[in-house]
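Position 1 is the first residue of the sequence; numbering continues from there. Heavy atoms only: backbone and side chains are in, while hydrogens, waters and symmetry mates are out.
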Amino acid sequence: SYVYTKNDGFVSVPVLFEMLAAILLTYLCVRWLLPVLSARPLAAGIKPGQYKLWGPTYLRLWTLDLLLAVGALPVVSGSPLMSTYLRILGANVGHRTTIATSSISLPTLVDIGAGASIGYGATIRPWRVESGTVVVGKVVIEPGAFVGANVVLEPGSTVGARAVLGDQSLLPYGHTVPQEARWAGSPAVPTEALDPAVETMMRADSVRARWKVRHVLATFVGLTALEVGAIALMIPGIALVWGALLAWGVLAGLVATLLTGPVFVISVCVFVAVNKHLVLRTAPTGMHPARSGLGIRKWMVDKLLEFSL
């Protein structure tokens, strides 16, 4: 809007490039800087307990959730940078963790121990609304614990060291999975054993491996490509509208907007298909170390597929 107003509504190719630059700058600032600068101040002073619904604490928690949703958590999750990013947001995260989920609220009340693993789609939520009040409690995942895909950890819950909480499970408020235990279900209850693949991974020494420098560098390259790609996907539609405006006038530009939806869909499909083929044409079967070149490529493909419509 500022670029368009500054140029008095004049339509030209240089103005188009100015607008694209402004969009990229705004997108990156909102996605990467705003959550980092705001997360700790918004969470300051919020401790386990009960708070009034619609009060100042609730509004701060609601605002923080919105900022984290538009921030970089979705693209960083599952990468070697996830633990560092969570520490910046205020979480207590140990070394050599694997955190594939981006659904994490109030990071200052999240404690993830060294070597812990958290699956895709898991929800770590240290606060909830109950009976007209806001209930806040610390969520703890102790060292070496495994939290499966799509698990829900409610306020005040704890997964003990080397314990396993199976996929699709719910650990209610204030409950604790004891050390070395196996729990599953909604609500979670003790079970004898879980999926053999999970048990095999819990015994594997590879979970203790470190990310290598080349893996971290590859992650930065992948992040850059993904973030620039998100903006680049809008360029064909914008170019179509502006081309029509420049060539045939305002009416043609309005008609061209009707085509921007299909153009965007086609652009996304081509972008995902081409880059998926380049990054990981075929996935090898079997069990492989997460902290490896294959792990980085799988993470990139996962994020590419999240572009899908």
Side-chain angles (χ1 to χ4, degrees), residues 35 38-69 71 73-74 77 82-83 85-94 97 99-114 116-179 181-190:
S38 305
R40 287 177 181 264
L42 283 171
I46 299 179
K47 299 179 180 179
Q50 294 187 350
Y51 299 86
K52 183 179 179 181
L53 183 62
W54 311 120
T57 299
Y58 171 79
L59 293 177
R60 288 162 61 193
L61 291 169
W62 174 76
T63 303
L64 178 56
D65 271 4
L66 290 179
L67 288 174
L68 293 178
L73 272 177
S77 59
M82 183 59 170
S83 58
Y85 187 70
L86 283 177
R87 292 186 197 109
I88 293 173
L89 295 177
N92 181 23
V93 183
T97 55
I99 306 170
T101 183
S102 63
S103 185
I104 299 176
S105 177
L106 192 55
T108 53
L109 287 183
V110 173
D111 191 328
I112 303 173
S117 298
I118 303 172
Y120 292 96
T123 299
I124 302 174
R125 191 171 183 83
W127 72 276
R128 71 177 184 184
V129 175
E130 178 183 348
S131 302
T133 61
V134 179
V135 179
V136 178
K138 190 172 186 178
V139 175
V140 178
I141 301 169
E142 294 184 351
F146 177 90
V147 175
N150 299 311
V151 162
V152 176
L153 298 180
E154 293 199 333
S157 59
T158 299
V159 182
R162 298 290 297 171
V164 177
L165 186 58
D167 295 348
Q168 311 284 349
S169 298
L170 166 67
L171 191 60
Y173 173 83
H175 282 57
T176 298
V177 179
Q179 294 184 15
R182 303 295 190 260
W183 282 32
S186 181
V189 294

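T97 OG1 to I118 CD1: the interatomic distance, rounded to the nearest 0.5 Å, is 7.5 Å. For the atom pair H175 NE2 and S157 OG, the distance stands at 10.0 Å (nearest 0.5 Å). Note that CG of L67 and CG of L42 are 6.5 Å apart. Values are rounded to the nearest 0.5 Å. Note that CG of L165 is 9.0 Å distant from CG of L170, once rounded to the nearest 0.5 Å. Rounding to the nearest 0.5 angstrom, the gap separating the CG atom in L86 from the CD1 atom in I112 is 5.5 Å. Atoms CG and CD1, on L73 and I104 in that order, are 6.0 Å from each other to the nearest 0.5 Å.
By the 4.5 Å heavy-atom criterion applied to side chains, P126 and I46 are not counted as neighbours. Contact check for Y85 versus P35: side-chain heavy atoms found under the 4.5 Å cut-off. A heavy-atom distance below 4.5 Å is found between the side chains of L153 and I141.
Every residue two or more places apart in sequence or in another chain that forms a side chain to side chain donor-acceptor pair (under 3.5 Å) with Y120 is listed here: K298, D302. Partners of S105 by side chain to side chain donor-acceptor pair (under 3.5 Å), not counting sequence neighbours, listed by chain and number: D65, W127.
No donor-acceptor pair closer than 3.5 Å links the side chain of E154 to the backbone N or O of P172. A donor-acceptor distance shorter than 3.5 angstrom exists from the side chain of R87 to the backbone of G94, with no hydrogens or angles considered. Checked by atom type and distance alone, the side chain of R125 never pairs as donor or acceptor with a backbone atom of V152 at under 3.5 Å.
Residues L106 and A43 share a closest heavy-atom pair of CD1-CB, 3.7 Å. The two atoms that bring G119 and T101 nearest to each other are O-CB, 3.5 Å, heavy atoms only. Here the closest non-hydrogen pair linking P155 and Y173 is O-CD1, 2.9 Å. Minimum heavy-atom separation, L171 to A188: CD1-CB, 4.3 Å. Pairing each heavy atom of G148 with each of A122, the nearest pair is O-CB, 3.9 Å. Residues V134 and K52 approach most closely at CG2-O, 4.1 Å, considering heavy atoms.
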task: May I have the step-by-step check of side-chain contact (heavy atoms from CB on, under 4.5 Å) for I124 and V147, ending in yes or no?
output: CA-CA 10 Å; I124 302 174; V147 175; over 6 Å; no
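Under the side chain to side chain donor-acceptor pair (under 3.5 Å) criterion, the residue pairs touching residues 130-152 are R128-E130, with sequence neighbours excluded.
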